[in-house]
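Computation of the quantities below employed the complete heavy-atom set of this structure, encompassing side-chain atoms and omitting hydrogens, waters and symmetry-equivalent molecules.
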2 protein chains.
Amino acid sequence: MSKIDLSTEEKIKDAAKKIFLEKGFGSATTRDIAECADTNIALVNYYFRSKEKLFLEIFRESFVETFAPAARILEDNLPLEAKIYKFVDHMTELLKRDPLLPMFVFSEMRDENSKMCELASHLNTDKSARFQEQLEEEAAKGNIRKTDFQQVEVSLMSMVLFPFLGMNMLKAKKNMSTEEFYRFVDERKKNIPEMILAYLRCRE
Amino acid sequence: MSKIDLSTEEKIKDAAKKIFLEKGFGSATTRDIAECADTNIALVNYYFRSKEKLFLEIFRESFVETFAPAARILEDNLPLEAKIYKFVDHMTELLKRDPLLPMFVFSEMRDENSKMCELASHLNTDKSARFQEQLEEEAAKGNIRKTDFQQVEVSLMSMVLFPFLGMNMLKAKKNMSTEEFYRFVDERKKNIPEMILAYLRCRE
DNA sequence: GTCTATAACGGGATAGAC
DNA sequence: GTCTATCCCGTTATAGAC
């Protein structure tokens, strides 16, 4: 189905996603969205009641249906090394398709009292601590060093997400084109797991 | 000099910094700033001409005078290991004093065409490639592995900055208090250099 | 330098015709 | 479902009195 055949509601939602991800809730306007969807403000409110309701729908989808599931790869049932490679690879590919996603999610959680923070802690129910158990098991077997799993988890997330959060800074500082940036994050698919695994495995 | 003795101009600037860092340019209002500085909108415009001019001054100071100098520790003249520890320590202490700084800088650079991106690439003049040279020298001596210095640099930055960018996400997901968060990043002062150095030193 | 009042504008939302 | 016209509010900026 080509883009032109989408229902008005779908066109508005697609436009809203694009605009909100580019500008954030505060700087995006209903006018932007309507224009981008090739309709008018009245229809945006007809389908979604308000800018805020529309936004919450986009945020929920981005976070709950896209971001969180990818992060959950760490809870999969896979050997440690394979899992880390899979996580970095899948997450990187996801972010290459949707490079503004991390900044969108995190910038809307800048205010500690925002609805988005509430939403995120709400979704904090399924804590299958498989990754933590796995690190502890491997450490007990002597395969890796004993370590704080939260530190490892955050470092892993950091190294994958940060380049996208600081994409324009990186491009500015290193004079990178978009293609070079994507090559750079592709190289990290090998680099990041190597670093994590070197840390976990090397004695000291 | 106590806060109450500051000149009106200084009070406005302090207030503007606080408000802009909390909300970003788009969501901050001149009213917020005036109220926070305990004056009125007219005076804000009297001293700074417009919201945008005020903002640019705050951004310049935050970026040029605070953020960039800290990042430049990597170009210091120090042995590799000591330098990495110093960088992580100093940067973490800076961010503990100003935890909103990374999100402020990066979120304002979300739009590729923003003035802030221009500013950042403008400041891209002093590229003393001391850190790069150092990694290459040590690799030539066989002390560390041969590696892409940009990957190492970005990973290092990632691990230090990311927790502050995702502070509220982290707090929500891990049910952390502010104190626990600060304890967490303090532990990373040891953890991050260990990871980088394990990667650089371990053969494979 | 400081304040009050107001102009000029842009934003979200809705009424009502079709 | 769709559109035009409009309302109402918050925002930036400034004029003008003190």
Side-chain angles (χ1 to χ4, degrees), chain A residues 1-62 104 107-108 110-111 113-116, chain B residues 1-60 104 107-108 110-111 113-116:
Chain A
M1 183 160 71
S2 92
K3 192 130 193 175
I4 211 125
D5 295 327
L6 291 176
S7 72
T8 302
E9 185 171 357
E10 283 166 326
K11 277 199 298 186
I12 291 170
K13 208 151 137 184
D14 285 356
K17 179 167 182 184
K18 178 168 154 33
I19 301 290
F20 279 138
L21 264 84
E22 276 174 5
K23 308 199 189 190
F25 180 79
S27 301
T29 69
T30 314
R31 281 177 162 76
D32 289 339
I33 293 167
E35 193 185 348
C36 179
D38 211 21
T39 56
N40 55 70
I41 303 177
L43 277 180
V44 174
N45 284 307
Y46 171 73
Y47 281 109
F48 296 94
R49 306 272 303 160
S50 75
K51 178 188 173 186
E52 199 186 359
K53 289 219 173 56
L54 174 52
F55 175 81
L56 285 172
E57 193 145 334
I58 304 293
F59 187 83
R60 221 203 78 264
E61 279 186 21
S62 297
F104 174 65
S107 71
E108 299 299 346
R110 180 198 319 223
D111 177 4
N113 303 318
S114 76
K115 290 200 171 127
M116 275 55 77
Chain B
M1 184 161 72
S2 92
K3 194 129 192 176
I4 211 127
D5 295 326
L6 292 176
S7 72
T8 303
E9 185 170 358
E10 283 166 325
K11 278 198 299 186
I12 291 170
K13 208 150 134 184
D14 285 356
K17 180 168 181 185
K18 176 167 154 34
I19 300 291
F20 280 137
L21 263 84
E22 276 174 7
K23 308 199 188 188
F25 181 78
S27 301
T29 70
T30 314
R31 274 174 163 67
D32 289 340
I33 293 167
E35 194 185 347
C36 180
D38 210 21
T39 56
N40 56 70
I41 301 177
L43 277 179
V44 175
N45 284 307
Y46 171 75
Y47 282 109
F48 297 95
R49 307 269 305 157
S50 75
K51 177 187 173 187
E52 199 187 359
K53 289 219 172 57
L54 175 54
F55 175 80
L56 285 172
E57 193 145 331
I58 303 293
F59 187 82
R60 219 203 79 263
F104 174 64
S107 71
E108 298 299 343
R110 176 188 336 214
D111 177 5
N113 304 318
S114 76
K115 290 201 172 123
M116 274 56 75

NZ of A:Lys23 to CD1 of A:Ile33, rounded to nearest 0.5 Å, is 9.5 Å
Round to a whole Å and report the spacing from CG of A:Asp38 to C1' of D:dG1.
16 Å
How close or far is atom P of C:dA5 from atom CG of B:Asn40, stated in whole angstroms?
12 Å
Partners passing side-chain contact (heavy atoms from CB on, under 4.5 Å) against B:Arg31 (at least two apart in sequence or in another chain)
B:Thr29, B:Ile41
Within a strict 4.5 Å, meaning less than it, do heavy atoms of the A:Phe20 and A:Lys51 side chains meet?
yes
Would you jot down, in residue-number order, the residues of residues 15-27 of chain A having a non-hydrogen atom under 4.0 Å from DNA chain C?
none
Which residues share a side chain to side chain donor-acceptor pair (under 3.5 Å) with A:Glu52, sequence neighbours left out
A:Lys115
Protein-nucleotides 9-12 of chain C N/O pairs closer than 3.5 Å?
residue	atom	partner	partner atom	Å
C:dG12	OP1	A:Thr30	N	3.1
C:dG12	OP1	A:Thr30	OG1	3.2
C:dG12	OP1	A:Lys51	NZ	3.4
C:dG12	OP2	A:Thr30	N	2.8
C:dG12	OP2	A:Thr30	OG1	3.3
C:dG12	N7	A:Arg31	NH1	3.2

Does A:Phe55 reach the side chain of A:Met116, with side-chain heavy atoms less than 4.5 Å apart?
yes
Separation of D:dT12 C1' from B:Ile12 CD1 (nearest whole Å):
15 Å
Within the structure provided, determine whether B:Leu54 and B:Arg49 are in side-chain contact (heavy-atom separation under 4.5 Å).
no
Which whole-number value in Å describes the distance from B:Tyr46 OH to C:dA5 C1'?
19 Å
Among residues at least two apart in sequence or on other chains, which ones pass side-chain contact (heavy atoms from CB on, under 4.5 Å) with A:Lys13?
A:Phe48, A:Glu57, A:Ile58, A:Glu61
So A:Tyr47, base contact, sugar-phosphate only, or nothing? Heavy-atom distance under 4.0 Å.
sugar-phosphate
Integer-rounded Å distance: C:dG1 P and B:Glu9 CD
8 Å
Does atom CD of B:Glu35 have more than 12 heavy-atom neighbours from other groups under 6.0 Å away?
no
Could you tell me whether the phosphate oxygens of C:dT2, OP1 or OP2, come under 4.0 Å of any side-chain nitrogen or oxygen in B:Thr8?
yes
Interatomic distance where CG belongs to B:Leu43 and C1' belongs to C:dC3 [whole Å]:
7 Å
Quick one: side-chain contact (heavy atoms from CB on, under 4.5 Å) partners of A:Thr8, sequence neighbours excluded?
A:Ile12, A:Thr39, A:Leu43, A:Tyr47
